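Nothing fancy with the numbering, it's 1 onward along the sequence. Keep in mind that what you see is a predicted model, and the values were worked out from it rather than measured. Only this structure's heavy atoms are used, side chains among them; waters, hydrogens and symmetry mates stay out.
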Amino acid sequence: MSSNHNPVLQNLRHLNQKFEEVTGKLNDFNRRQADGEMPDPNEFTALLEKQSVAKSAMSAQFNLLQKPLKTVLNETK
């Protein structure tokens with residue numbers, strides 16, 4: 001099956017983009033702090049939370065990809 005048509009792989013790709021976007025924002029936050037700015041600590045906390053959620057979602061999607069379809073269907077009953 002082509003990865004372009006596999007919804008799990010599409011979701012993983014989308015989540016990976018979100019994760020990288022948040023990581024970039026965290027890097028920007030750290031750069032601003034290193035430059036002497038006083039960025040909002042709540043922004044940092046929110047970014048960490050978003051990063052954690054994206055990582056958890058990627059892990060769940062990856063686990064779905066690893067399981068045989070029959071196992072997934074049996075577990076949802």
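Annotation: side chain of K18 is in contact with side chain of H14 (closest heavy-atom distance under 4.5 Å).
A distance of 13.5 Å separates CD of E20 from NZ of K25, quoted to the nearest 0.5 Å. In this structure, the separation between CD on E37 and CZ on F29 is 10.0 Å, given to the nearest 0.5 Å.
Checked by atom type and distance alone, the side chain of T23 pairs as donor or acceptor with a backbone atom of F19 at under 3.5 Å. D40 contributes a side-chain N or O that, together with a main-chain N or O of N42, makes up a donor-acceptor pair within less than 3.5 Å. S52 contributes no side-chain N or O that, together with a main-chain N or O of L48, makes up a donor-acceptor pair within less than 3.5 Å.
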- Query: Could you go step by step and tell me if Q17 and E21 meet the side-chain contact (heavy atoms from CB on, under 4.5 Å) rule?
  - Reply: CA-CA 6 Å; Q17 289 171 345; E21 178 184 316; over 6 Å; no
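Ion pairing of D28 with R31 is present here, as a side-chain N (NZ or NE/NH1/NH2) and a carboxylate O approach within less than 4.0 Å. Using a cut-off of 4.0 Å between Lys/Arg side-chain N and Asp/Glu carboxylate O, R32 and E43 are scored as salt-bridged.
The only option from N16, N63, N11 that meets the side chain to side chain contact (heavy atoms under 4.5 Å, CB included) definition with M58 turns out to be N16.
Contact detail for L47 and V22: the closest heavy-atom pair is O-CG1, 3.3 Å.
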